[in-house]
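Working notes, structure below.
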Amino acid sequence: MHNDQINEIQKMFQDAMESHPVFSGFDAAKLHDISQDFFKSFEAISADGDHPMARWTNTWLKYQSDMASVWLGAMVKGSTEAEPSKDHRFKADSWNEGLFPLMRQSYELTAKAMTDLADNAGLPDHEQNKLSFYARIAADNIAPTNFAMTNPEVMKLAQDTGGQSLVEGFQNLLADLEKGYISTTDEDAFEVGGNLGTTPGAVVFRNELIEVIQYAPMTAKQRGNPILIVPPCVNKFYIFDLNEKKSMVRYLLEQGQAVYMISWRNPEPHQAQNGWDEYIRDGIYEALKVTSAISKSNDVDMLGWCNGGTMLLAALAVLPDDLKALVGSATFLSSLISFEDPGQVKVFMDDGQNAAYDMRLQAEKVVPGRDIANAMAMLHVNESIWNFVISNYLMGKQPAPFDVLYWNADTSDLPAKWYKYYIEEMYMADKLKEPGALTLLGRPVDTRNIDMPCYFLAADGDHIVPWKGSYSALPLVSGPAEFVVTTGGHVSGTVINHPVRNRKRFWTDGERTGDADGWLGSASETEGSWWPHWLDWLEASNPGGERAKPRSLGNKTFKPMEAAPGTYVVEGK
């Protein structure tokens, strides 16, 4: 519809309002305002698709038309046949038989309309992302695959088993309700210290916050500079030591590295006031001093992953001179300094949601690790939630043993004070990258104080820490910095990347004159794991020489207390 046509209609409408007796008692100015408001909506609907109202209208009309075509077609004999769906949830042949093609098509049209309407709301960026995210959650929740009576695979299995699959599914549901979360793996198949976290070593230090594990050497000689690993405090450290085929710890030991590990304690309510000061001073700094003392090295190579990497960044930014003298290099795996683009988790970060969660914190005193796990699962709700609901409860199957999923379910709690600081000051206010915007241990936080060689590793499929966010950290430190991108996800690209039978690849040496995409476009690609590249970088950046392996673990001050994996990693299980 052209503008002159709209103007003509508008004039006719206004004339009618002014002359028709129905409107005779209305104030003329108010009538004029009503007319203008009406035609703003009319013009939006008549627009060429640029206005949210026009996009909404077009989406709704198309949905009505497509749905009518599907249902009218279903009234014709044989017309329930349809093209196979591209959605993996409907890959079984039974979704193309009987009435199920109609059900599936109706759902797919409805889900598309829901998400399209949400995507076209035209809200401010954060509110728009939040609406789109939760619209997709809602659309996924109503999928016919998620209900026994509308899932032909479930119905067929129930028929074939005489209903036994439904009985066993109900038993699985009751067991998970008692446990408090959905089972994603056969948890009876694993034991920390039994078949997980089995690399030999000993706890050589313990305080109220951490244990420090020193691993037993596996070569006659070791590199002189030890590696101290700072894992995230919301997950257990043994992701670095799952089993012999995946263990980063074992691989490093086999390459002649000396390895030390922080094991964070699972906090109890009386430790709710432990914040970043305590985690840095009594955690990272104490572990650094212990590692340096036992190894007799003043050039410790420190490595942090995820929020462990962010804590390490903050710790190094306020590092006093006496401790700085003990650090030879720093490596950050999927770690953020700039939270401008914190990935999909940003959808949970705003004042309203934060205030609502504060009420839970006041009651619990700690952040249950299960809350964090549930939030991460929502980012991939079909794969992480509904897949197991269907398999475990509707089909009565037992989840298969999978060590990574066992570790993922073995969560740790977080002190309320630590969590609030992380969310409010870093994720929401993005202050870590701003010199002096934060204060820790009485010192202004300035990442430019990080002047030792740094190695930043990011994964191209990481939905928690986008690789471009890691790239933005390079100019925020003052030391020489190496940047590497690997294929894989948050876990599979970083700590699960053993060089043996490795199908991954990584990129290095891109040009830093432009943005992250420019870096990647100019980078060199290498087949295999990034681990050997990192070890070469360590030796080039912080030469350590070789020493005879120690005759025993610990020293006179820090004596072995118990065998690895220690006590803290299994507390609260």
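Along the sequence shown, the residues carry numbers beginning at 1. Treat the numbers as computed from the prediction; the structure is a model and nothing was measured.
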Taking atom types as modelled and ignoring hydrogens, do the side chains of [X] and [Y] form a donor-acceptor contact shorter than 3.5 angstrom?
X: T331; Y: W534; result: yes
X: T567; Y: E562; result: yes
X: D186; Y: Q398; result: no
X: S478; Y: D451; result: no
X: D301; Y: N225; result: no
X: N195; Y: N243; result: no
X: D460; Y: T487; result: no

Quick one: do K130 and D350 satisfy salt bridge (charged side-chain N to carboxylate O under 4.0 Å, His left out)? Show the steps, please. CA-CA 10 Å; K130 194 163 62 170; D350 57 50; 2.8 Å; yes
F483 ring center within less than 6.0 Å of F456 ring center: no
Ring center gap for W305 and H490 short of 6.0 angstrom: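 Here the rings of H490 and W305 have centres that are less than 6.0 Å from each other.
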Looking only at non-hydrogen atoms, find the nearest pair between P435 and R448 and report the distance.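 Shortest heavy-atom separation between P435 and R448 comes out as CB-NH2, 3.4 Å.
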Hey, does the side chain of [X] reach the backbone of [Y] with a donor-acceptor pair shorter than 3.5 angstrom?
X: S292; Y: S297; answer: yes
X: D462; Y: W467; answer: no
X: Q255; Y: L252; answer: no

How long is the gap from CZ on F205 to CD on Q214, to the nearest 0.5 Å?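 Spacing of CZ (F205) from CD (Q214) equals 14.0 Å.
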Listed pairs under 3.5 Å, donor-acceptor, residues 272-284 side chains, sequence neighbours left out:
{"residue": "W276", "atom": "NE1", "partner": "W418", "partner atom": "O", "Å": "3.2"}
{"residue": "D277", "atom": "OD1", "partner": "L441", "partner atom": "N", "Å": "2.8"}
{"residue": "E278", "atom": "OE1", "partner": "G275", "partner atom": "N", "Å": "2.7"}

Can you name the side-chain contact (heavy atoms from CB on, under 4.5 Å) partners of M561, sequence neighbours left out?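 side-chain contact (heavy atoms from CB on, under 4.5 Å) list for M561, sorted by chain: V203, R206.
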Does NZ or CZ of K179 come closer than 6.0 Å to the centre of the six-membered ring of Y181, within 45° of the ring's axis? yes
Identify the residue among L520, T486, T526 that makes a side-chain contact (heavy atoms from CB on, under 4.5 Å) with W507.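 When L520, T486, T526 are each tested with W507, the side-chain contact (heavy atoms from CB on, under 4.5 Å) holds only for L520.
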